[in-house]
Structures are given as C-alpha cells and as structure tokens.
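First comes the structure, then the notes that go with it.
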Amino acid sequence: MSGTQAWGFTDDRGAQLGAARVPRRVVAYVRAGAALYDLGVIPVAVYGSGHDGDAYDPAKAGVLEAVGVPYLGPGRALDEAVLRELRPDVVVDVTYDGKSPYALDAALVERLGVPLVALSVGNELDLPAILDRFAALAAGLRIDGREGAGPEGVGAEATEAGVADPGAVDPAAPVPVPVPVPVVVGSDASGPEIVTPVTVSPATGPGQGAALAEFEAAEAALREAAARSGLGVLALSGAGPEQVHLARPHAWPELAWLAGLGVRLLDPGPGPGANWLTADWVRAAALRPDLVLFDNREHATPPYALPGGVRLAPWNPETPPSPAAYARFFRDLAEALAP
C-alpha cells in the first residue's frame, strides 16, 4: 500500500476515520503500541494509563523500550505541546466500553486534528476478534513508502517507512506471531467451554509465517498441559496486604479463552464487581487454588498469605493484543501447569 493513497478505518466506537494518505507517524497507548510493533508497525511514541507512572511498566512495554520507542507518561497528563512536536498522523488507544478511549482525553486528539482509533479490548468481543481488529489496523498502517516514521534511535529495527523490517531485527528478539486461534463457541454450566479452531483474518506482514507456527505450537502445548494437570487456577491482582481483586474468568477475553483450552479457572463467586471481586486474601485462599496467576503490572502488589505449595505464574491483564504476546503467555502458563 502506498503512503500516498487515501486511508480509512472504522474503529470499535463505530467512528469512521479517514486521512488523505496512509498514516506514517503513530502515537499509541502502550498496550496498543506493543501489539502494533509485534504486527510490523513501529510507533513514534507511546503513553500510559492512569495506573502508570513516568517510566515504562516493563510488564506492558513488550520490546518497545528496548528498541527505543519513547514513552510519554500517563495519557491524561500529556502535554499538548509535546504531542504536537511528535507530529502524529494517527493516535491509537483501546476502549473497554465501546464509547471512549481508555487512556487519554479524546478532546486532546481532536485539537490536534488527527484521527483517534480506539480498538475494543473488553468482553463484548472474544479474543480472536480482538486480535483480528489489531491485525486489520496494522495491515492498513503498513506502507511501502520511504518517508520516515519510526522513532529516532530505533536504527536498524525500523525501515524509513516506519514498518518493522524482519530482516533487521535481532534474531534473539521475540518473534511476532499472527493468528489461527480458538474461539469459545459454546459453554455448559456443568462443563468446560467448547472450543473450535478458527482462523482470524490474516492481516499479516512480512515474516509472520514463522510467528503463526509458533502461536499454534504454543496453543497446542497449553491445551496438552491443561489436560494433564487439572490444576485449579485463580487469576488475581494484588492491592496490598489487606485487599485483592479476584478476576471473574468470563469477564476477561483471554481468561475465557484459557477456559476454552481446558484450563480449570476458579470463579470467585457472587458479589459486587463485573470484572473483579474485591475481597481479602482469606477469601482468595478459601478458593483453594493450585496455581495463582498474579497481576505483574507495576501498580499491583505481590501475592500475600496464600497457602503453602500454591504455584505462582505472572499474568498481565493488559497483554498486548498480538498473537506474539499471547504465544509467550501460553508457553509460560503451560510450563507453570506442568508436573
């Protein structure tokens, strides 16, 4: 696709966005930016959420910090002058409610006069659909033009067009991975979800074939590990020694997906909260988990007061919506479930 062609995209708020040419300079929420990088598009800068501080959260950054993509701090505290100096052609955020961008003020982007793309990561979409939407956006942003778009200092990691060059990436770096993935097609209160393999639209760029194979292999490894272990898994986010947020599995697309692959996820039971049940650590221990997926973002606290012998594995509730990131997560979880 040439950078001189007109560009259009309808985001998950239903906003029909357009520009006279394909956007080259992308500023993104860090979660979205990490996914776009995996899919072949290098942001010129990224910003955080209200949970984030003035430096990258390693759990959310993927490889962005390592390849030199600047971090601007929390999105709702962004300095308009700084953002203008970056000359973005498009800003990419996520949305949980299908109405508003999550991490920055839409009015700020309106004043810049550039499109604001908000892609859903909430539970109105299943995980394959979320991955598909990011893949579609990345495909629309990958261009063949020669004008610069990647951040200064990225060097050989970027082409002048701002598109990741698979031939220039360090071979030790994580491999980007798009996408045949399973989708939950049905459930039964007395048993696990039924999973059917589906192929998400292959909006893939150069070098993505090996990544696809890695994703499939990671999925198979997790399915096998889950079938062998039968361990009860509790996902949670620590909020200090007195409080913990217990995840409701079906409120999280990635947790629902794990259940469909056979992971025995524990539900915290009745109580307030759509995504989390906020309780104390005694309530968490009473669920008798064999393995705890603990929120490893910087604002969360480590697990407290769990029974001896409980296995621990990190979980990022804001895993970048790319098959590469989920392949890594699947591999890690499969290892944690192994005997």
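- Tested against R133, the residues D126, D11, D12 include a single salt bridge (charged side-chain N to carboxylate O under 4.0 Å, His left out) partner, D12.
- Listed for the N316 side chain is a donor-acceptor partner under 3.5 Å among the backbone atoms of A59.
- Not one N or O on the side chain of R142 forms a donor-acceptor pair closer than 3.5 Å with the backbone of L137.
- Following chains of ILVMFWY side-chain contacts shorter than 4.5 Å, one can reach V67 starting from Y29, so the two form part of one hydrophobic cluster.
- Each of T278, D267, L287, N275 was checked for a side chain to side chain contact (heavy atoms under 4.5 Å, CB included) with L246, and the lone residue meeting it is L287.
- The salt bridge (charged side-chain N to carboxylate O under 4.0 Å, His left out) test with D89 singles out one residue from R24, R21, R25, and that residue is R21.
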List the atom pairs, with distances to 0.1 Å, where a side-chain N or O of residues 99-115 and a protein N or O form a donor-acceptor pair under 3.5 Å, not counting sequence neighbours.
{"residue": "D105", "atom": "OD1", "partner": "A107", "partner atom": "N", "Å": "3.0"}
{"residue": "R111", "atom": "NE", "partner": "E80", "partner atom": "OE1", "Å": "2.9"}
{"residue": "R111", "atom": "NH2", "partner": "E80", "partner atom": "OE1", "Å": "3.2"}

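- The backbone N or O of E298 lies less than 3.5 Å from a partner atom in the side chain of D57, making a donor-acceptor pair.
- In this structure a side-chain-to-backbone donor-acceptor pair under 3.5 Å is present from T301 to G238.
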*Passes side chain to side chain donor-acceptor pair (under 3.5 Å), N123 versus Y96? Steps please.*
CA-CA 8 Å; N123 62 8; Y96 285 90; over 6 Å; no

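- Panel note: side chain R331, backbone L222; no donor-acceptor pair is recorded below 3.5 Å.
- By the 30° and 60° cut-offs, the orientation of the rings of W7 relative to F9 is parallel.
- Annotation for R84: atom CZ counts as buried by contact number, over 12 foreign heavy atoms lying within 6.0 Å.
- A donor-acceptor pair under 3.5 Å is formed between the side chain of R311 and the backbone N or O of A336.
- Taking 4.0 Å as the cut-off between side-chain N and carboxylate O, E224 and R228 count as a salt-bridged pair.
- At least one donor-acceptor pair under 3.5 Å links the side chain of R283 to the backbone N or O of P268.
- Side-chain atoms of D52 do not come within 3.5 Å of backbone N or O of P74 as any donor-acceptor pair.
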_Test salt bridge (Lys or Arg N to Asp or Glu O under 4.0 Å) on D93 and R13; report intermediate values, then the result._
CA-CA 11 Å; D93 209 305; R13 300 169 297 165; over 6 Å; no

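- The aromatic rings of W276 and H245 lie tilted to each other, with the angle between the two planes from 30° to 60°.
- The hydrophobic clustering, which links ILVMFWY residues whose side-chain heavy atoms are closer than 4.5 Å, places L258 and L236 apart.
- Put simply, the residue from L337, L266, V292 that forms a side chain to side chain contact (heavy atoms under 4.5 Å, CB included) with V233 is L337.
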